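As the structure is a prediction and not an experimental result, all values here were calculated from the model.
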Amino acid sequence: LVSPATLLWDMDIDEPVDAGTAAVAGDTSTEGGSTRHTRASTEILAERPPKRTKTDGSTSNPPKKGKRPYKRGQYGEGEGDIRPADCGNHALEHYYKGQGIVGDDEWETLLQSMKSSLPLAVRISLNRPERPSVIQHLRKQPHCAPISWFPDELAWRCSHNDYHSRENANFKSWVQETNGSGGLTFQEEVSMLPPILLAPLPDSTVLDMCAAPGSKTSELLEEMHRADDWDESGLPRLARGVVVANDLSAKRVNNIMLPRLRKMHSPCVVSTVANGAKMPVLAPPDDGTDSSPALFDRILVDAPCSGDGTIRKEPIVWRRWHAKDGVEMHACQVRLLCRAIALLRVGGRLVYSTCSLNPLENEAVVCAALTKYGVDRVQLEAPGHHMPKGLRYRPGLREWKVADPRGGDRWLDAAGPYPEPVSYRSKQPIKASMFPPTSVDVLDQVGHCVRLLPHDNDAGGFFCAVFVKTKTTGGDWSSDVGRVVASGKDIAKDGAAAATSIESTERKGAVQMEQGEAAVEMRKMDDSSLPRLVEGGIFQDKQRFRELSQDDEECCQLVKFYGLAGPLILFSFTDKKDDDRKIVAVSGGLREWLAAFTKAKGRLKFKQVQIASFGLRVFKRLSPGYAANAGSRWRPCQEGTPMLAKVARRRKILLPPAAFLVLLEQKRIVFEEFMQLRDSVVGWDSIASADESEHGLEFGGVIVGLQPSDVEIDCTRMWVAALLNTAGLDTFVSKNELGGIAKLLKDASGDFKDRECSAS
């Protein structure tokens, strides 16, 4: 396990400053015009070590103490590299050779592959404007090749040596810059498989139970939006499903996952912070119908694991691997998988995956869930139906062994006795569910699991299993409309109750969902307390949100000013004074999920589920006194411009390439120069004033796009949020993002500065 700062370092993301570890070096306060240090800051300044004196007599500050940034070692023979001949772990080799994951004739091939560096793999973002230019650029690289089994040339690979060679330094810099802008994503080749197997539909309700850092979540969103189109009347046909991206760590959600998901520009995603093994079942609406609870059509459980399948990327696994790793992860993984099956709708699909080769984390976990619920209710889908062509895989193991975690190359007997956890310094005991099951029906299902070995595809090690729920596992929900069931402290204290629980959970009057060996029945909420509109609070930062009604005066004015049309559901966030400050767009499926969550949140345990973010930010209120002559007090947000471009009929203009580049580089086109562009701007009538004004323009928010040209980018997805006022056309986009868009234009079609603007 690594810290969030370590993950940020690996992802080439700027590492955030940790305020908890930064020293206070000048905390001052003023009084009467004088500046004085507080006592605490004075003591800290006094404790600072003196400056170092260099050989030339100059001084410098001593190096700061603290956690050194993580630097991943790589295999090779150069200076600082890890020599493959020095890699070895007798316990690891004995363990996997004894498991028989490959035959004796393949063992050396597998071992040599595990001691070689992992090729670089990237996935191209489907909904970004630079997609055509990124693909074209990769095609020109002789050392790059598309991944054969991934569709539409949206995934590419490059050898480790070619990527890090000095001759390809420019290519490496381009890849890192494109990753920062969202054009592509660093992602292991084998980890791209679970979203393909899950196959979400545009209207699916999806749960990503262990979502951070969010690469698979973004891939799921791309699959949902792949079918976005226009209907016969010219209105956009958008995905109406929802993806609940959940993770246990709030830091990983806020610092890593949310910045990545915001680049997707999707109104279908909600990010939550919760223990996946305690995810609640939200109640159906109290409308007197036989509605089912808020279960999920698709669930992805990319479970935390020991990670020895990443040994080609993390050579340190050779030194750290221990037989007790799989023992310690088994119980947690079983709890997550069992809870996910309980949350799955009948007929739904669930994918369980790990980046581990250990059968205790793979086949044993799958067998524990099948034994608990029965193969008549939950089954594994045969891989031939959904596996992409060109990907080499192997079936799951029908036999495996459990090593003695105390070491010594000993194997344990399923009949026992088992060693005590204290003997191998662990809190997790050996459980019967870790051994192969005795049921023939369960063993027959295990053959449908998918194992990806490093030497088969020149990639990492991976495991997948696709579940299909054929019958309900929680009783007849329609007879208990209005109840919500949420798991609480019902997990056994030893943390492994779910792994050994085979009996069905008893029903005591009301519906209870299975979680381990127990469940909690929550009290029924009074119907009179339910709001007419979806309204609630975000626990994590105490914000309030409410759904904007079509009868709301502010909403009507906003729809009229921007000419909004199409499937658009708006929510408003309010501050402590109940003043609206930002508006987000949500899909129909997300609105239904929020309605169920809002009704249930009063009965959930404290911080059981916290919403970190949801929807797509589309509008933000202007500050009081700023742009007082604007026709609307709401300006567009950059994050929501791709969607607003589809649903807005007004306040949308297209600039010629030269003028668009000037706007990106200078963040403004002054009013006089903007008026000179009148004849070359597409959509000028959408910002014209109906009244007879001095300039004939109506000031306010504007969505600015690029006119179609010969550039190798998707102009329909490139938009900038701006505000038209007496000073000119001002952008509301970060400097880094504007610079990235400008560089994209220059790389795709050359520098526009030398071109003469048509208005000139």
Heavy atoms, side chains only, cut-off 4.5 Å: are His225 and Ser266 in contact? yes
Pick one: which of Lys735, Lys746, Lys743 meets salt bridge (Lys or Arg N to Asp or Glu O under 4.0 Å) with Glu665? Lys746
Determine whether a donor-acceptor pair (N or O, by modelled atom type, separation under 3.5 Å) exists between the side chain of Asn246 and the backbone of Ala274. yes
A side-chain contact here means heavy atoms from C-beta on lying under 4.5 Å apart; do Thr641 and Phe732 qualify? no
Are Trp593 and Phe296 close enough that their ring centres sit under 6.0 Å apart? no
I need the Leu655 CG to Phe674 CZ distance, nearest 0.5 Å. 6.5 Å
Let me see the working for Arg131 and Leu154 under side-chain contact (heavy atoms from CB on, under 4.5 Å), right down to the final yes or no. CA-CA 9 Å; Arg131 175 176 57 87; Leu154 292 177; 4.0 Å; yes
Note, Val269 side chain near Met264 side chain (heavy atom, < 4.5 Å): no
To the nearest 0.5 Å, what is the distance between CZ on Arg262 and OG on Ser218? 14.5 Å
To the nearest 0.5 Å, atom CG of Asp730 lies from atom CD of Gln666 at 11.5 Å
Parallel, tilted or perpendicular, judged at 30° and 60°: which one describes the rings of Phe571 and Phe614? perpendicular
Which distance, rounded to the nearest 0.5 Å, do you find between the OG of Ser204 and the CD1 of Ile299? 12.0 Å
Could you give the distance from CD (Glu737) to CD (Glu639), rounded to the nearest 0.5 Å? 9.5 Å
Indicate whether the side chain of Trp634 and that of Gln557 have a donor and an acceptor atom separated by less than 3.5 Å. no
Keeping the roles fixed (side chain from Asn725, backbone from Asn629), state whether a donor-acceptor pair exists under 3.5 Å. no
Among Val243, Asp302, Val206, which residue meets the side-chain contact (heavy atoms from CB on, under 4.5 Å) test with Thr217? Val243
Is the ring pair Phe699/Phe671 parallel, tilted or perpendicular, if the boundaries are 30 and 60 degrees? perpendicular
Reported OG-to-CZ distance for the pair Ser572 and Arg621, which is rounded to 0.5 angstrom: 8.0 Å
Determine the interplanar angle of the Tyr562 and Phe619 rings, folded into 0 to 90°, and report it as parallel if under 30°, tilted if 30 to 60°, perpendicular if over 60°. tilted
